[in-house]
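These figures come from a predicted structure and were not determined experimentally. Letters A, B, ... are given to chains in the order of the sequence lines, protein chains preceding strands, and every chain is numbered from 1. Note that these values count all heavy atoms, side chains included, but never hydrogens, waters or copies made by symmetry.
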Amino acid sequence: MLKERFVWEVLAEKEKLLEGEVRICGWVHRIRDLGRVKFAIIRDRSGSIQVTAKKGESPDTVLETIESLRQESVVCVDGVLKKAPTREGVEVKATKITVINTPVEPLPLEVEGSEKASLPTRLRYRWLDLRNPKITAVFELEAFVARVFREYYTSQGFVEIFTPKIVAAGTESGAEVFPVLYFDKTAFLAQSPQFYKQFAVIAGLERVFEIGPVFRAEPHHTSRHLNEYHSLDIELGFIESFHDVMDYVEGFIRSLAGRVEEEPARRALETYSAEPPRLPASGIPRIPIAEAYEILREKYGKEVEEGEDLDSEGERLMGQYAREELDSDFVFIIEYPWKVRPFYTMRMESNPELTYSFDLLYRGLEIVTGGQREHRYHQLVSNLKDKGLEPEGFQFYLDFFKHGAPPHGGAGMGLERIVMQTLGLDNIREARMLPRDTERITP
RNA sequence: GCCGCGGUAGUAUAGCCUGGACCAGUAUGCGGGCCUGUCAAGCCCGUGACCCGGGUUCAAAUCCCGGCCGCGGCGCCA
């Protein structure tokens, strides 16, 4: 390895390393050439450190090399760690600088302050944008959310699964799918692992989770939709009601909220001046949609027709309501109308026009959808027909239910949306390293 | 898919409403120079742009039309 230590590690051990030989590898962040004394700030993923050379004290080759450096050159610097009046309290007095690579063109985007450039420019030159620690922090948080998800569900006896992303049919009503040429057949990119996580539960794994990409062929033009995103999915068998599913969703949210003081989450929240997610000790409120209609009408003068889904304004207002009246960044809206839910959702026994389903709003944005699934074969067939769908088209799925399917339910959570809402990002594309939207398939 | 807004150097912007003194200003980058402690270093010199096409006008970055591209709202959803 050219590089032994991150800058952060050098800084963490600076007392021990003082006056000793160190090697720093990274990108040239900034050059301050004062003539007889020259500084270069070297940056890596973990932080920055100043490299110094002085005429008469440092080798001439080092001075010449610093003069020839450009921003974003890749270098390794050998030198002695010295106390210095810098922000870090130390600097590296260079004895040797190896230039490993130099930009072949002027930079189209400056790394420092890249977040001030327009989003299209940043995405176009995302490899430079990402070198900005403010931007990297987003993805460190994203990795953290995924890790907490994995750890929480693993600790609860869930098994991680990996389902096919090339599928024969669109899973749900509505959402459009991308066709792909699959030898001599047309297949589709999975828009949800829905059928296969149910498969895994029925197949005896009982409790499963998956972190994987999903694909939506909808021509959205909004700041909260992507055509490819990561879904955090769970599915669990032997539930008594859809409240059991919500309990497990809430368990994860609580675990996440409880761990945001850990690195790298802490740094990400601090970088974006974001409040830690707030949720009441008594639990996340669960409000039937029928009540939500009333709250919206009475408190906000917002009319939503009975039996319809909340629109995005309605969701925003319910988020506001939860925050102001219930002291919670989260609120479950439950018992959605059958009309607006997919065919596999279980209908309420007391009122088949409603379902055992829920959405979870986080600061006014839907981040989770879930519910109890219909596990009774004949009821499932009848539900399909009720939705005007042909059972034949879903036979491969229906077959799962023929030989003993336990009552089960699950949920899907949008990873990028969780990150976006946690940091207060304006656009979900910022929460995706290389977003795919209607116009963008490169880089 | 429907609706709205916008496109000025590499990047971010000023100018546009109220056409002329704009061969387009500023910051940063880039090229060159000065400088022994900078820390968004500073100072001096230089470099580089009006999305494309048509129209109105004596005159268009500015007004009008079309196109292309981008962004957002709605719908749909995570």
Once you round it to whole Å, what is the distance between [atom2] of [N] and [atom1] of [X]?
| X | N | atom1 | atom2 | result |
| --- | --- | --- | --- | --- |
| E112(A) | A27(B) | CD | P | 18 Å |
| K38(A) | G33(B) | NZ | P | 11 Å |
| I66(A) | G37(B) | CD1 | P | 15 Å |
| N132(A) | A40(B) | CG | P | 15 Å |
| E315(A) | C74(B) | CD | C1' | 13 Å |
| Q194(A) | C77(B) | CD | C1' | 14 Å |
| H220(A) | C2(B) | NE2 | C1' | 16 Å |
| I31(A) | G31(B) | CD1 | P | 9 Å |

Return the polar atom pairs (N/O with N/O) between nucleotides 45-52 of chain B and the protein under 3.5 Å, or none.
none

Would you mind classifying the nucleic acid contact of [X] as base, sugar-phosphate or nothing, using non-hydrogen atoms under 4.0 angstrom?
| X | answer |
| --- | --- |
| V368(A) | sugar-phosphate |
| Q421(A) | nothing |
| R224(A) | base |
| L226(A) | base |
| D311(A) | sugar-phosphate |
| L34(A) | base |

Sticking with atom [atom1], work out how far [N] lies from [M], rounded to a whole angstrom.
| N | M | atom1 | answer |
| --- | --- | --- | --- |
| A61(B) | G19(B) | P | 14 Å |
| C23(B) | U47(B) | C1' | 16 Å |
| U57(B) | C65(B) | C1' | 16 Å |

Under 4.0 Å from OP1 or OP2 of [N]: is there any side-chain N or O of [X] that close?
| X | N | value |
| --- | --- | --- |
| T369(A) | A78(B) | yes |
| S312(A) | G75(B) | yes |
| S223(A) | G73(B) | yes |
| R70(A) | G31(B) | yes |

Distance-only donor-acceptor check, side chains T52(A) and E91(A), under 3.5 Å: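 The answer is yes; a qualifying pair exists.
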
Report the residues that fulfil side-chain contact (heavy atoms from CB on, under 4.5 Å) with [X], sequence neighbours left out, ordered by chain and then residue number.
| X | value |
| --- | --- |
| K299(A) | I295(A), Y321(A), E325(A) |
| L189(A) | F178(A), V180(A), F215(A) |
| T186(A) | P179(A), F188(A) |

Closest heavy-atom pair and its distance - T222(A), R429(A): O-NH2, 2.9 Å

Can you give each donor-acceptor pair under 3.5 Å made by side-chain atoms of residues 92-104 of chain A, sequence neighbours left out, with the distance rounded to 0.1 Å?
residue	atom	partner	partner atom	Å
K93(A)	NZ	E57(A)	OE1	2.4
T95(A)	OG1	D78(A)	O	3.1

RNA chain B-proximal residues of residues 48-58 of chain A, any heavy atom under 4.0 Å: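 RNA chain B contact set from residues 48-58 of chain A: Q50(A), K54(A).
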
For RNA chain B, the residues among residues 423-434 of chain A that have a non-hydrogen atom under 4.0 Å from it: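 N427(A), I428(A), R429(A), in order of number.
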
Between F400(A) and Y397(A), ring centroids under 6.0 Å: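 Yes.
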
Heavy-atom protein contacts under 4.0 Å, nucleotides 7-12 of chain B, coded B base, S sugar-phosphate only, - none: ---BSS

Under 3.5 Å, which N/O atoms of the protein pair with N/O atoms of nucleotides 68-70 of chain B?
residue	atom	partner	partner atom	Å
G70(B)	OP2	E439(A)	OE1	3.4

F332(A): ring pair (Phe, Tyr, Trp, His ring centres under 6.0 Å) partners, not counting sequence neighbours: F358(A)

Nucleotide pairing, RNA chain B (Watson-Crick or G-U, distances under 3.5 Å), in dot-bracket with [ ] and |: (((((((..((((......[....))))((((((.......))))))...(((((..]....))))))))))))....

Ring centroids of Y229(A) and A78(B) base under 5.5 Å with planes under 30°: yes

Partners meeting salt bridge (Lys or Arg N to Asp or Glu O under 4.0 Å) with E294(A) (sequence neighbours left out):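 Not a single residue meets the salt bridge (Lys or Arg N to Asp or Glu O under 4.0 Å) criterion with E294(A).
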
